[in-house]
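Chain letters run A, B, ... following the sequence lines, proteins first and then strands; every chain starts at 1.
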Amino acid sequence: MIQLTKVNKVYEVADGDFYALRDINLLIKRKEYVGILGTSGSGKSTLMHIIGLLDRPSNGKVIISGQDTGRLKDADISKLRGDYIGFVFQQFNLIQKLTVLENVLLPTQYAKEKLEFNPHDYAMELLRKFAISEKAESYPNKLSGGQQQRVAIARALVMKPEIILADEPTGNLDTATGEEILKLLGTLNRDLGVTVVIVTHDQYVAKKTDRQIFVRDGMIVKKY
Amino acid sequence: MNYFTFLIRTALKDFGRSKVRTGLTSLGILIGVFSVVMLISLGLGLRNYITRQFEDLGTNLIIILPGSGFSQGFGAGLAGGADFDERDIKSLEKIGDLEYVVPVFMKAIDVVAGKEEEFGYVMGTSDDFFGLYGIDAEAGEVFTKGDMQGRSKKVVLGKSLAEKLFGDFESAVGRDIKVQNQKYEVIGVSENVGDDQLDNAVLMPYRTTYGNLNPGKTFFAIYVGVADEDKVAAAKELVEKELLKRYEEDDFEVSEQEELLATINQIISVVNAVLIAIGSISLVVGGIGIMNIMYANVTERTKEVGIRRAIGATKRDILLQFLTESVLLSLLGGIVGLALAALVVLIVQPYFPLGLDAVAVAVALGISSAIGIFFGVFPARRAANLTPIEAIRYE
């Protein structure tokens, strides 16, 4: 579960304060498939960063999986992020000097507790599921955009997180590949019960989700 | 994969992508460690060499030097003080328990044999010198008491000098040499003892040096051998008492061999420490090189830091990753520097007894690790303190 209460994100600029987010109240339940929709500069990415614990709000409360993150230290935030949240980025953000398999396994190297599953076997299972297991030993620059995004999704899933946050996941892909990735994210939600939040400027992409939240000028203007 | 294996593998992968840069960065540490290890082994070698020379003499030796001896450094000791002569030898010989009283006059000089001319050392001494040093003639014989009294012109050559003058040492026996236009007959060649002066010496009865070579009829030092090792301290007191009858306290110094050895070792330690301190400057320069590269590395890999933070890496994970890289870079230089130093030691050892011990190895590896940590910690902290969102947005 993701719960934001009266969340503001304020930056100091030359002519006063700039509110990237203003009074955000938001509840996303477990296993939901949600789209956060907004134009460029609307604050949707800032919202995703705060939900994903990559950034802290100026004030307000952020609760992830029952934990009030405002009281957590940096190391605990990292652990929570690693254990509960998987990220999928528009630019894929794979580490180029690591192979596909090493990229997928990377989050498991930072796990602070012993995992209850074999990370290698599970990573290979994910790669097989996404039809890229034959590329396990390849480097990311040898893969197509669609393949790289599937590797990124496998990496996001390897810690068996409750939540997947996808920031413009189809932004760098052609239409057909984009469709494939959206289908995959939908499957994760339906079949694996993962909460999926897609941040996008594209209404077509947002419509694939079960519920849409519209953000404009740092505020939630409409929820469906 | 174990966490530390993961850190090391990550670092090695990064080095593999920029081999030239890795090599050049490690080079600074390599040179630093090489020079420090070489200086340590030089000091160690020098110490071993001198100790061995002294041990060859035995522990029942008393050395009398003019001035304040070695205790205030070589220069201070040999510059002034008493001019020992035959009167001192005679008065010392009256003391019981002394096995040998051996005067030594020494002068560096050119030695001529036919058309050959070589640099050597005239050493005027007594026949007891050979007994005291335990030196035997490898060819011919050494001079005797009779030769001493008769001021005979019979000399014994050090083996190295004999080989330089006559090609092979055996053919030197029975031949003539010239020193300051005076002719001397070679009656024997002494075995090499690993001492440059003795191995290149023209040993002759001390009275034979009187005249052109030693117009003042004085000696550079007097060596006293005590028959019983337990009586060395008592004999030293008697020797001092005897000499005080003629000289002031500051005009001479009487040292037991072990005291002298300790003093020399102390001087070597100080000289060595200064040299190592100078050598360490290159280590610091190497460390700064590592810090520079690591800062550049952090900037280049800011986005990667952001990605790693997004997928669960803590600040500590990032700090450890960059620290591991700087320590490995530094250790790499340290190990290669150490290996090179070991190679040089192996090559030079037949000519000079350089030493390499566990301390030198530990110092080399310890210093290079410490440098990696010290100079790596600032860039690593900078990487660790990047906020995930700023790092991941970095292009």
Participant: Could you check whether Arg309(B) pairs with Asp74(A) (Lys NZ or Arg NE/NH1/NH2 to Asp/Glu carboxylate O, under 4.0 Å)?
Facilitator: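 Looking at Arg309(B) and Asp74(A), the cut-off is met.
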Participant: Rounded to the nearest 0.5 Å, how far does CZ of Arg308(B) lie from CG of Asn93(A)?
Facilitator: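 The distance works out to 12.5 Å.
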Participant: Count the heavy atoms belonging to other residues, nucleotides or ligands that lie under 6.0 Å from CZ of Arg381(B), then report whether that count exceeds 12.
Facilitator: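 At most 12 heavy atoms, drawn from other residues, nucleotides or ligands, come within 6.0 Å of this atom.
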Participant: If you count the non-hydrogen atoms of other residues, nucleotides and ligands that lie under 6.0 Å from CZ in Arg316(B), is the total more than 12?
Facilitator: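 No.
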Participant: Do Glu102(A) and Thr10(B) have side chains that approach each other closer than 4.5 Å (heavy atoms only, starting at C-beta)?
Facilitator: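 Answer no - side chains too far apart.
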Participant: Enumerate by number any residue of residues 127-156 of chain A whose heavy atoms lie under 4.5 Å from heavy atoms of chain B; in the absence of such residues, state 'none'.
Facilitator: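 When heavy atoms of chain B are the reference, residues 127-156 of chain A contributes Tyr139(A), Arg155(A) within the under-4.5 Å range.
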Participant: For Ile392(B) and Phe87(A), what are the C-alpha separation, side-chain angles and deciding distance, and is it a side-chain contact (heavy atoms from CB on, under 4.5 Å)?
Facilitator: CA-CA 12 Å; Ile392(B) 212 161; Phe87(A) 289 95; over 6 Å; no
Participant: CD1 of Ile307(B) to CZ of Phe92(A): how many Å apart, nearest 0.5 Å?
Facilitator: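 One gets 12.0 Å once the value is rounded to the nearest 0.5 Å.
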Participant: Quick check: are there more than 12 heavy atoms from other residues, nucleotides or ligands sitting under 6.0 Å from NZ of Lys6(A)?
Facilitator: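 Count not over threshold, so no.
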Participant: Please test Lys315(B) against Lys73(A) for side-chain contact (heavy atoms from CB on, under 4.5 Å), starting from the C-alpha separation and ending with a verdict.
Facilitator: CA-CA 11 Å; Lys315(B) 283 184 175 185; Lys73(A) 289 179 186 161; over 6 Å; no
Participant: Over all heavy atoms of both residues, which pair between Thr314(B) and Ala75(A) is shortest? Give the atoms and the distance, please.
Facilitator: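 For Thr314(B) versus Ala75(A), the nearest heavy atoms are CG2-O, 3.9 Å.
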Participant: Is there a side-chain contact between Lys97(A) and Glu304(B) in this structure, where contact means two heavy atoms from C-beta onward sitting under 4.5 Å apart?
Facilitator: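 Yes, their side chains come closer than 4.5 Å.
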Participant: Atom CD1 in Ile95(A), atom CD1 in Ile311(B): separation rounded to 0.5 Å?
Facilitator: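 Answer rounded to 0.5 Å: 6.0 Å.
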Participant: Let me know if Arg301(B) has heavy atoms under 4.5 Å from chain A in its side chain, its backbone, both or neither.
Facilitator: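 Arg301(B) touches chain A through side-chain heavy atoms alone.
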Participant: Quick check on Gln266(B): does its CD atom have over 12 non-hydrogen neighbours (other residues, nucleotides or ligands) under 6.0 Å away?
Facilitator: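 Counting neighbours around CD of Gln266(B), 12 or fewer heavy atoms of other residues, nucleotides or ligands fall under 6.0 Å, so no.
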Participant: So do the side chains of Arg81(A) and Pro388(B) get within less than 4.5 Å of each other, counting heavy atoms only?
Facilitator: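 The answer is yes; the side chains approach within 4.5 Å.
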Participant: Start with the C-alpha gap between Asp317(B) and Gln109(A), add the side-chain angles, then the distance that decides, and say whether side-chain contact (heavy atoms from CB on, under 4.5 Å) holds.
Facilitator: CA-CA 10 Å; Asp317(B) 290 322; Gln109(A) 299 291 351; over 6 Å; no
Participant: Measure the shortest side-chain to side-chain distance between Phe6(B) and Leu106(A) over non-hydrogen atoms and say whether it is less than 4.5 angstrom.
Facilitator: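 Yes - at least one pair of side-chain heavy atoms lies under 4.5 Å apart.
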Participant: Look at atom CZ of Arg216(A) and say whether more than 12 heavy atoms of other residues, nucleotides or ligands are closer to it than 6.0 Å.
Facilitator: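 Open.
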Participant: Rounded to the nearest 0.5 Å, what separates atom NZ in Lys303(B) from atom CD in Gln96(A)?
Facilitator: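 These two atoms lie 10.5 Å from each other.
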Participant: For Ala313(B) and Ser78(A), which heavy atoms make the closest approach, and how far apart are they?
Facilitator: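 The answer is O-OG, 3.5 Å.
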Participant: More than 12 heavy atoms of other residues, nucleotides or ligands under 6.0 Å from CG of Asn59(A): is that the case?
Facilitator: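 Enclosed: over 12 neighbouring heavy atoms sit under 6.0 Å from CG of Asn59(A).
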